[in-house]
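What follows is a short report on a single structure.
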Amino acid sequence: MTNAPLTNEPLANAPVLVTGGTGTLGGHVLPLLRAAGREVRVLTRSARPVADGVTYVTGDLLRDEGTDAAVAGAGTVLHLAGGAKGDDVATANLVRAAQRAGVRHLVYISVIGADRLPLGYFRAKLGAEQAVADSGLPYTTLRAAQFHDLALKVAAGMAKLPLVPAPGGIRWQPVDARDVAARLVELALDEPAGHVPDLAGPTVYPMAELVRGYLKARGKSRPMLPVRVPGKVGRAYRAGDNLTLAGAETGRRTWEQFLAERVG
């Protein structure tokens, strides 16, 4: 069911609500929206004063607290918030509030492989995608690869070990959060487009190469031990179910450029 908008105000003049606006991706999205001249509102669990033209509204999507107040009057909702679990529940709560408010464009960021990886995080992402698609609201969903920031965290953690595990057959195509932010803002300011092409980084790397790149940027080296990830998860990753190797859009910034900025 889609309710009529609660206002006849042109969409370009209505506020944009951003969930997850205080996270890594949100930190890149907010200034782009403001540079585009949009009024921006952020739903956050902790109270914050107005800053850089952004208004913060206190609420909690998972508990469905403050959701209606945050969505009220928003023309576009850019849903970036996510966590280790519960994304499907949080998104369903947001969708119901957006329906009541007559939101005219709901934009959701998901993850490549949401419909293929046998992990709880990916299943929750798929449930969130379905809640958006089934909402009756005009929507856009973008799946993206793992961010460079996550690849850095994983590589740095593995590099601390005296013998670094090298999972055979597991590949990532990490993408820069700034490239994802630019694409999301472009989509949010355009017409609803449904499920758009995935966005990945410009290069596919075996996991061991990501760690080697990190070690090289740090001027270090570590011996590596080939390992095999067992079970359904290992088979899915070896089959490339976490990748979109054809038909995806690609970001501009490489893993090496990211490392030079953050590590080198």
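All values reported here derive from a predicted model rather than from experimental measurement.
- Considering only heavy atoms from C-beta on, Trp255 comes within 4.5 Å of Leu210 through its side chain.
- A distance of 9.5 Å separates CG in Leu199 from CD in Gln173, rounded to the nearest 0.5 Å.
- To the nearest 0.5 Å, atoms CG (Leu78) and CG (Leu189) are separated by 9.0 Å.
- Leu150 has its side chain out of reach of Pro174: every pair of non-hydrogen atoms, C-beta onward, lies at least 4.5 Å apart.
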Under the side-chain contact (heavy atoms from CB on, under 4.5 Å) rule, what do Arg171 and Tyr205 come out as? Steps first, then yes or no, please. CA-CA 5 Å; Arg171 297 163 294 164; Tyr205 299 87; over 6 Å; no

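- Of the possible donor and acceptor atoms, one in the side chain of Asp87 sits under 3.5 Å from a partner among the backbone N and O of Gly83.
- Ion pair Arg235/Asp241 not flagged as a salt bridge, since none of the NZ, NE, NH1 or NH2 atoms sits closer than 4.0 Å to an Asp/Glu carboxylate oxygen.
- Met158 has its side chain within reach of Pro165: a pair of non-hydrogen atoms, C-beta onward, lies under 4.5 Å apart.
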Between Glu129 and Arg143, does the salt bridge (Lys or Arg N to Asp or Glu O under 4.0 Å) criterion hold? Intermediate values first, please. CA-CA 10 Å; Glu129 286 186 15; Arg143 288 180 177 175; 2.7 Å; yes

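- In this structure, Asp179 CG and Glu249 CD are separated by 11.0 Å, a value rounded to the nearest 0.5 Å.
- Taking a cutoff of 4.0 Å between a charged side-chain nitrogen and a carboxylate oxygen, Arg178 and Asp149 do not qualify as a salt bridge.
- Here the options are Asp176, Val180, Leu152, the test is side-chain contact (heavy atoms from CB on, under 4.5 Å), and the partner is Phe147; only Val180 passes.
- Side-chain contact check for Lys125 versus Tyr108: some heavy-atom pair is nearer than 4.5 Å.
- Atom OH of Tyr139 sits about 8.0 Å away from atom NE2 of His195, to the nearest 0.5 Å.
- Looking at Tyr56 and Thr58, their side chains never come closer than 4.5 Å, going by heavy atoms from C-beta outward.
- Between the side chain of Asp60 and the main chain of Glu65, no donor-acceptor pair closer than 3.5 Å is present.
- Under the 4.0 Å criterion applied to side-chain N and carboxylate O atoms, Arg34 and Asp52 are not assigned as salt-bridge partners.
- In plain terms, the two heavy atoms of Ala188 and Val107 that are nearest each other are CA-CG2, 3.9 Å.
- Although no hydrogens or angles enter the test, the distance criterion places a donor-acceptor pair under 3.5 Å between the side chain of Arg38 and the main chain of Ala14.
- Taking 4.0 Å as the cut-off between side-chain N and carboxylate O, Glu191 and Arg104 do not count as a salt-bridged pair.
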